[in-house]
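Down below is the structure, laid out as structure tokens.
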Amino acid sequence: MENILLGGGGGISSGISTVSREKNNMDMLSEESSSYPDESELELGLGLSLGGGAKSMSKPPLPAVAAGGPWGQYARILTAKDFHSVVSTKESSSSSSSSSSVTKANNNPFCGVKRTAEPSSPPGRSGSSQVVGWPPIRTYRIQSLVNHAKSPMTEEITSAVDKCKSKNTIVDKTNIGSNLNRNVAKEKGLLKKTSLFVKVNMDGIPIGRKVDLNAHRCYKTLSQTLDDMFKLSAAVGAKRSNAEEQVVMIRPSGLLKVSSEFVLTYEDKEGDWMLVGDVPWEMFLSSVKRLRIMRTAEANGLAPRSNERNQTQSMAPI
Amino acid sequence: MINYFPEEVLEQVFSFLTSHRDRNVVSLVCKSWYNVERFSRGKVFIGNCYAISPERLISRFPRVRSLTLKGKPHFADFNLVPRDWGGYVYPWIEAMAKGCTNLEELRLKRMSVSDESLQLIAKSFPNFKSLVLVSCEGFTTDGLAAVASNCRFLRELDLQENEVEDRRGQWLSCFPDSCTSLASLNFACLEGEVNLAALERLVARCRNLKSLRLNHAVTPDILQKILALAPQLVDLGAGSFVHDPESEIYNKLKNVMQKCSSIRSLSGFLDVNARCLPAIYPICTNLTSLNLSYAPGIYNKELVKIIRKCKKLQCLWILDTIGDKGLSVVASTCKELQELRVFPSDRNGVGNAAITGEGLVAISAVTMQPLDEGFGAIVQSCKGLKRLSVSGLLTDQVFLYIGMYAEQLEMLSIAFAGNSDKGMMYVLNGCKKLKKLEIRDSPFGNKALLADTGKYETMQSLWMSSCKVTFGACKTLAEKMPRLNVEIINEGDEMEGGPDDRQSVEKMYLYRTLVGPRKDAPDSVWTL
């Protein structure tokens, strides 16, 4: 039972949650309890009240809430966002009553939302004022987050990510994070190599090329580059009408098709040949070893990525 | 009969008592035991450096070899305490240098440590073996250089989360060639470059090195060389883990990692290319402790892959990018898990936190009830609970529960909680073993503060900020209890004359002490 993280009635949107059964090396200067090392010590820390996760649970309103006090009459559980800024008017509707509770608290002589260096932050104004020391993240940790988040490339990535939004490309924060991380590292000059070159061979062409995958952030730009590189439009498209401007298309199914004669495939870490475009970009980057522009006829036997990826694509008709 | 026990025998018996609490108890039995105990006490723990003076410490325990000191109040971690508040270690080192040169080990937390202090340590204690600094500030790498150069038997240099001014000197090169005793070296918090060649040579000659935590300046190339030199490592903190996974260096790293079968604890990855992480897979099976909380940019799927391999994990510190699904993988994989900490990956604590209630429900036995009841359940069932931190929509009811059930509770942190003075009073009345109580932005006032003033002498300290306590009440308390230091921290500018007694106090910190008001308080801190 001690092996649990206790959520205190709901989700935690952020903050620090701890259940510690025994002392460990991470807290070196905690007091020793006794000479008996196997006596377990229990620590529980919940940095924050519930976050948006409360929405996901059906919970009854607080049954016997004390009538008195500034917090008493509100059935809404305050979220971190309430303390983050004085009033967050942009918050979702579920937090709207909590916003008002914060407002009321402000009118109270006791203020639940602490004023900061700014002399007065009237309720109703959101954004600029923050609660000092909240959420309770250690200064050292905040600095390390700041160092990793700071990057002038952020805008570039955001816009590139926007461009990349296709139905099947999952763009989530963690992917952006890893891009940011790399770019920050680039900026710091810590990365020895920022490029990721893989070989690209096209069936029927004896000489292969190399392409830097790290220079791309999504499949579209990669395919455009390959297009240019192998002069696909010139070789193949010459026969086509002018209406077909783009030889490389990203089909709704996520399959990258280079004209109707070739498909773009890649060999992954396990040595299997996969169709390019099925999996999120980051995942692709992590498993690709080399690329091959394969004749469609040969690509018939290729299956889409396995179930493991949670995305089963049907084979595009060839 | 006990009076005729020869002292040597008593000493032998006491030598089996390692905990300072047991020793404290033993020293209260009778005078003779008190004396035997004090001469044989080697390790002293001081939870508040202002509770006692270094001179009194030395006169009572002349043979102390290991000293642990804590300075600033815990809320200093969250910027609630002014930088110059205090907690200077220099007077302690000065006193020890005069009276107790046997000192071998110094462990400091939240103290202000100057280069002069480090230099004094380096030259005053010939047997000095272990320096552990946690969340300290005030020193530079020059101070570290002094320690490295002069402490001939140094076994442990452990710097955790300190603010160190990096003078880009050569402190690592200052370890002389004759230094082969290092068993533990942690410089992960240093911002600057280190002499990598010196690091390699140091690792090569310290055959007892078991714990090594590197900073971001140590690249995978060097890491690979170091691991080849030290396959006996038990605890590793990787620095930079950014490289091209196709490269030769990465291959070498993978190969050498496979040979590091002793590693049980892994941390760091201060800069990481997630695609390089498969290199650590071979050691995951033996890991008991994993800290990836300083490694942003590892996307969820990779995190999960790693976790799936760590079946023996007992301690996991991770960022919230792990998400709900990731946490359920933790729950199903890590059957021996004892500690789990989830940190926000966004510094404002909000943002696209991937953790919602769902993820935690998978792990916990949460009651789907208001927070009061939830915490009530916790304190009822976790009978050994020693430390608790609560915030959010909580009424006085939760404090009633805490007072009733949290019998072993020693430290309680409260933020934005409670309805009235009753809440605080329930806690003060009920928690017999309470040592530290820290409260911010909660509606507790004078009545609660003054209800049981004697209680504070049984506790180490009380912090109250942005509550409803007034100057008048604090003054009353200070007058009544001469063995408490009641400090008011005023960073504002309303300080001319005296503040009105009815005015609310911004921040109050009180603690028991045997040595009266301290003399090193800055202007913004008044001791009443």
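Residue numbering restarts at 1 for every chain, and letters A, B, ... go by the order of the sequence lines.
Between A/Leu285 atom CG and B/Asn273 atom CG the span is 9.5 Å, to the nearest 0.5 Å.
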Would B/Asp77 and A/Thr139 satisfy side chain to side chain contact (heavy atoms under 4.5 Å, CB included), going step by step from the backbone distance to the final call? CA-CA 6 Å; B/Asp77 283 351; A/Thr139 326; 5.5 Å; no
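A/Pro136 has its side chain out of reach of B/Phe75: every pair of non-hydrogen atoms, C-beta onward, lies at least 4.5 Å apart. For the pair A/Tyr140/B/Cys189, a side-chain contact is recorded, criterion being any heavy-atom separation below 4.5 Å from C-beta on. Looking at heavy atoms from C-beta onward, A/Arg141 lies out of side-chain contact with B/Pro344 at the 4.5 angstrom threshold.
For A/Lys269, the NZ atom counts as densely surrounded, since its 6.0 Å shell holds more than 12 non-hydrogen atoms of other residues, nucleotides or ligands. When the shell of 6.0 Å around CD of A/Glu267 is examined, it contains more than 12 heavy atoms from other residues, nucleotides or ligands.
Of all heavy-atom pairs between A/Arg138 and B/Phe78, the closest is N-CE2, 3.9 Å.
Each of B/Ser420, B/Ala415, B/Ser504, B/Ser293 has some count of heavy-atom pairs under 4.5 Å with chain A, and the biggest count is that of B/Ser293.
Interface remark: B/Asp235 contributes no atoms to any contact with chain A (heavy atom separation under 4.5 Å). Contact of B/Ser135 with chain A is made through the side chain alone, with heavy-atom distances under 4.5 Å. With a threshold of 4.5 angstrom between heavy atoms, B/Cys276 does not approach chain A through any atom at all. Residue contact with chain A, scored on non-hydrogen atoms closer than 4.5 Å, involves the side chain of B/Glu246 exclusively.
There is no side-chain donor-acceptor pair under 3.5 Å between B/Arg275 and A/Ser287.
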